[in-house]
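So the structure is just underneath, and the comments pick up after that.
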Amino acid sequence: MLSVLRSQAALALDTETTGLRPWQGDRLFSIIVATAHDEFYFNFNAHHREHESFLERRYIAEWFSPILGDPNKTIYKHNAKFDMAMLHNEGITEFNATIIDNEILARLYDNARFKYSLDALAGLIGHTKGGLKEWLLANGYWEWRSEPGEEKRSKHPLFYKAPLERIVPYGCGDGRTTFDLAVWLLQKLKERDDNRHPQQPSILQVISLEAKTTKELFHMERHGVLLDREYTAEARAYEEARAQDLRCEFKAATGVDFVDSAKCLSAVFKQFAPDDVARFRKTEKGNLSFKDDVIATFQSPLAQVVREHRDAYKRAGTYFSNYELLVDDRGRIHPNFRQGGTKTGRLSASDPNVQNVTKGKDKESRFPIRRCFIPPPDSFLVSVDLDQVEYRLMLDYAAEKDVIRQVVDGVDVHQATANMMGVDRASAKTINFMLLYGGGPLKLAHELKIPLREAKSLRELYFDRLPKVTSLIKAIIRKAETDKVIYNWFGRVYRFPDKRFAYKAPNYLIQGGCADVMKIGMVEAGNDKLLKGTRSTQVLSVHDELVFYVHKDELDLVPKIQQIVEKAYPYKHLPLTAGVEISSISWGDTEDFDAWKAGLNATSAL
DNA sequence: GAACAACGCACC
DNA sequence: AAACGGTGCGTTGTTC
């Protein structure tokens, strides 16, 4: 059987596991391999020890390392990084095979589907996923379990206890679907590619970049980011106490138990702050809105209590306590970077979402959240951040020479726009955002707090002074409407079957274009390339920012990383630039790299 | 209990 | 004619 598998150029591989937390103790108990014609079920489940398909767990690495370590093999998976993590737990460390993730292929095939689960995609090739979960729940193979940090319990299906006559066909079915789906998607993508305009870059290079990105992300996730557990615990306690005090204050003032819901707030504010009621705005669904910018204008001090409570409660819950629940026993957090998570090609992050960690004014708070994330003892935390990458890409695409000349000379992008228009920088920045996001005059008027008439004439002024950007945006929308498909600079494709959404096309093109710049940067600067064999590593990606741990003896890597990221985009008119920040303390304490270095030299000269 | 809608809010 | 893009996550309240 092994020689059969080792002779295959392409295999689908799937695992079955005790749970969804590879870094917090869950283990695989079976491996399913599918070839073009067959499926193989490998059972490592001690629960089925007596069954003839049972194998000792220690054989996993011996059997599967040669397959996953073979650079000439292609492995198809669904949610590849998860299986890689589970395999890594069994001692498989080399992933030299090309790993193709169906979710990512499916995004390239059609970026606007509602779901990308194996279940949802199986329909594309006429397969249906077996409903083992439902069967387990209905037949007593479950137990009550509560999520970490949660009180309420829910029924948890016990896959590892499932009878073999159920789980083997189920697992093999998934393996079959994974293989066939990958073949089908690759075929469809190649057919399209063959019919593309000769000047369009091939989708094959996008697929190849994504495959490399999968490995880099796996490496980042496996390594994880170090959590300052003492700080996090202290911060959580502080914010929880603050929230508690505010709830008491609310109760004392109103006699009502605080609940942050429209029901509670509307009752309370109508009674205690009738003057503010006049200012009430409505939500999209026509209900009373209690958004921060609404209640910030309230006269009633109760509104301030609510605002404060929201802040404390969110910091304690969404950030600090969540980190404590997700940290492993080595003090590391392993965020999940979802490679097929967005319509544009960006990454998304979850468990925790490290891409929405508060920034900016958060630095002045008692416990800034970014301080939770620290470098290891002998390393620095280095952040490389592309400067206004979306605007710059748009200017380069548009070849808007006058603005570009200013920017190349060192003028900030928004200031350069402001100079062209003869308006202030803030207005120019808002307009740039509008353009990038496809906003209309109404939104512009709202953002700048000016009458609609003025917003319209401001737009006209922009169109007049930056004609190249304007015509670029119009051309992209027109192309999306007529061709129903557009390609970014790297060859990533976006479909617009419905004309009504063509206004999103410029945003997809720019946002997704930047995403590919960053993916190239990640791979080139990553743990398989520049950082291979070093004591430094890449740890996080936040859209236009990459975060590294750079060992103290390897600081010469910093300018190299910076250069790689800046050079990732082959510009025509306007090069990209990246800012570098560094800290020996935390993500919340970074300072400009050059200034830091100058300070270091000054100190050592003493 | 589970699933969903609605809301609000953090980021780029 | 009119449209601000892309995310993840926590809580509340409703419904089955």
Side-chain angles (χ1 to χ4, degrees), chain A residues 111-112 134 137 142 144-147 149-156 258-266 281-295 306-307 309-311 313-319 321-322 325-326 335-338 340-362 369-370 385-386 388-391 394 430-447 455 459 473 477 494 498-512 514-515 518 540-545:
Chain A
N111 67 322
E134 291 70 23
L137 291 174
W142 57 271
W144 290 110
R145 222 181 253 191
S146 61
E147 293 297 309
E150 296 232 340
E151 307 239 324
K152 79 169 165 56
R153 300 179 312 164
S154 58
K155 289 180 183 178
H156 187 90
F258 177 73
V259 179
D260 196 353
S261 69
K263 197 175 160 190
C264 173
L265 294 182
S266 60
R281 281 212 317 254
K282 296 290 178 65
T283 67
E284 205 179 302
K285 302 285 172 189
N287 303 313
L288 293 175
S289 172
F290 294 97
K291 275 222 295 260
D292 189 67
D293 62 338
V294 175
I295 63 174
V306 174
R307 296 180 69 206
H309 180 271
R310 280 182 184 166
D311 180 58
Y313 200 70
K314 179 158 180 121
R315 298 170 71 81
T318 303
Y319 299 105
S321 85
N322 204 18
L325 294 171
L326 290 165
N336 175 29
F337 288 101
R338 292 189 54 203
T342 70
K343 294 175 182 180
T344 59
R346 266 190 184 176
L347 302 173
S348 73
S350 69
D351 308 293
N353 180 358
V354 286
Q355 294 183 325
N356 71 350
V357 182
T358 54
K359 227 193 142 172
K361 67 174 164 51
D362 185 51
I369 294 168
R370 286 188 181 223
D385 191 330
L386 279 173
Q388 306 105 10
V389 56
E390 296 193 334
Y391 306 108
M394 183 160 74
T430 305
I431 293 171
N432 278 338
F433 260 108
M434 293 294 115
L435 264 296
L436 226 43
Y437 293 164
L442 215 65
K443 199 72 198 176
L444 183 61
H446 182 251
E447 286 293 318
R459 260 168 77 95
I473 286 171
I477 294 175
Y494 305 102
D498 188 337
K499 272 188 183 177
R500 284 178 302 172
F501 300 120
Y503 74 92
K504 295 181 180 181
N507 178 260
Y508 282 25
L509 198 77
I510 301 298
Q511 187 183 117
C514 293
M518 292 307 283
L540 296 175
S541 158
V542 188
H543 306 307
D544 56 7
E545 174 187 9

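Quick caveat: nothing in here was measured; it's all calculated off a predicted structure. Here is how names work: the chains are called A, B, and so on, in the same order as the sequence lines, proteins then strands, and each is numbered from 1.
- You'll find that the side chain of A/Tyr319 is closest to B/dA10, out of B/dA10, C/dG13, C/dG6.
- Out of C/dG6, B/dG8, C/dG5, the shortest distance to the side chain of A/Phe290 is found at B/dG8.
- Across the strands present, C/dT14 finds its partner in B/dA3; the criterion is a Watson-Crick or G-U wobble pair with both atom distances under 3.5 angstrom.
- Listed candidates were B/dA10, C/dC9, C/dC4. Nearest to the side chain of A/Tyr503 is C/dC4.
- With distances taken from any side-chain atom of A/Asp292 to the nucleotides B/dG8, B/dC9, C/dG6, the minimum falls on B/dC9.
- Proximity of A/Lys359 to the phosphate of B/dC12: a side-chain N or O atom is located under 4.0 Å from OP1 or OP2.
- Comparing C/dG8, B/dC7, C/dG13 by their nearest atom to the side chain of A/Lys314 picks out C/dG8.
- For the pair A/Leu347 CG and C/dG6 C1', the interatomic distance rounds to 12 Å; values are reported in whole Å.
- Between A/Arg310 and B/dC9 there is a side-chain N or O to OP1 or OP2 distance below 4.0 Å.
- A donor-acceptor contact shorter than 3.5 Å is absent between the side chain of A/Asp544 and the backbone of A/Val389.
- With hydrogens and angles left out, the side chain of A/Arg346 and the base of B/dC12 share a donor-acceptor pair within 3.5 Å.
- Under a cutoff of 6.0 Å and an axis angle of 45°, A/Lys504 and A/Tyr508 do not form a cation-pi pair.
- Between the side chain of A/Ser350 and the backbone N or O of A/Asn353 there is no donor-acceptor pair closer than 3.5 Å.
- Side-chain polar atoms of A/Thr430 and A/Glu447 form no donor-acceptor pair below 3.5 angstrom.
- Listed nucleotides: C/dA3, C/dG5, B/dC11. Nearest to the side chain of A/Leu442: C/dA3.
- Only the P atoms considered, B/dC12 is 22 Å distant from C/dC4, to the nearest whole Å.
- In this structure, A/Trp142 and A/Trp144 have perpendicular ring planes: the angle between them is above 60°, well past the 30° mark.
- Under 4.0 angstrom from either OP1 or OP2 of B/dC7 there lies at least one side-chain N or O belonging to A/Thr283.
- Applying the 3.5 Å distance criterion, the base of C/dC4 shares a donor-acceptor pair with the side chain of A/Glu447.
- When heavy atoms are screened at a 4.0 angstrom cut-off, A/Gly317 is found touching no nucleic acid atom at all.
- Atoms CG (A/Leu435) and P (C/dC4) sit 14 Å apart, rounded to a whole Å.
- In this structure, the CD atom of A/Gln511 is 8 Å from the C1' atom of B/dC12, given to the nearest Å.
- Atom-to-atom, OH of A/Tyr508 to P of C/dC4 comes out at 14 Å; the value is rounded to the nearest Å.
- If you check every strand for non-hydrogen atoms under 4.0 Å, A/Ala349 touches sugar and phosphate atoms only.
- As judged by a 4.0 angstrom heavy-atom cut-off over every strand, A/Val354 is placed among residues making no nucleic acid contact.
- Atom CE of A/Met518 and atom C1' of C/dT7 are 16 Å apart (whole Å).
- Closest to the side chain of A/Lys285, out of B/dC7, C/dG5, B/dC9, is B/dC7.
- In this structure, A/Asn322 reaches the C/dG10 phosphate: one of its side-chain N or O atoms is under 4.0 Å from OP1 or OP2.
- Note: CG (A/Leu326) to C1' (C/dG8) measures 13 Å, nearest angstrom.
- The side chain of A/Lys343 lies closest to C/dG6 when the candidates are C/dG13, C/dG6, C/dG10.
- Counting to the nearest Å, the C1' atom of C/dG10 and the CG atom of A/Asn356 are 11 Å from each other.
- Note that OH of A/Tyr313 is 9.0 Å distant from CG of A/Asp260, once rounded to the nearest 0.5 Å.
- Ranking B/dA2, C/dT12, C/dG6 by closeness to the A/Val259 side chain, first place goes to C/dT12.
- Ion pairing of A/Glu390 with A/Arg346 is present here, as a side-chain N (NZ or NE/NH1/NH2) and a carboxylate O approach within less than 4.0 Å.
- If you measure from atom NZ of A/Lys504 to atom P of C/dA2, you get 18 Å, rounded to the nearest angstrom.
- A/Phe501 comes within 4.0 angstrom of no nucleic acid atom, judged by non-hydrogen atoms across all strands.
- In this structure C/dA2 sits in no base pair that meets the Watson-Crick or G-U test at under 3.5 Å.
- Phosphate contact (OP1/OP2 of C/dG8, side-chain N/O of A/Ser350, threshold under 4.0 Å): absent.
- Closest to the side chain of A/Ser348, from the set C/dT7, C/dT12, B/dG1, is C/dT7.
- A salt bridge is defined here as a Lys NZ or Arg NE, NH1 or NH2 lying under 4.0 Å from an Asp or Glu carboxylate O, and A/Arg307 with A/Asp292 meets this definition.
- In this structure, A/Tyr437 forms an aromatic stack with the base of C/dG5, since both conditions hold: centre separation below 5.5 Å and plane angle below 30°.
- Within the 4.0 Å cut-off from OP1 or OP2 of B/dC7, at least one side-chain nitrogen or oxygen of A/Asn287 is found.
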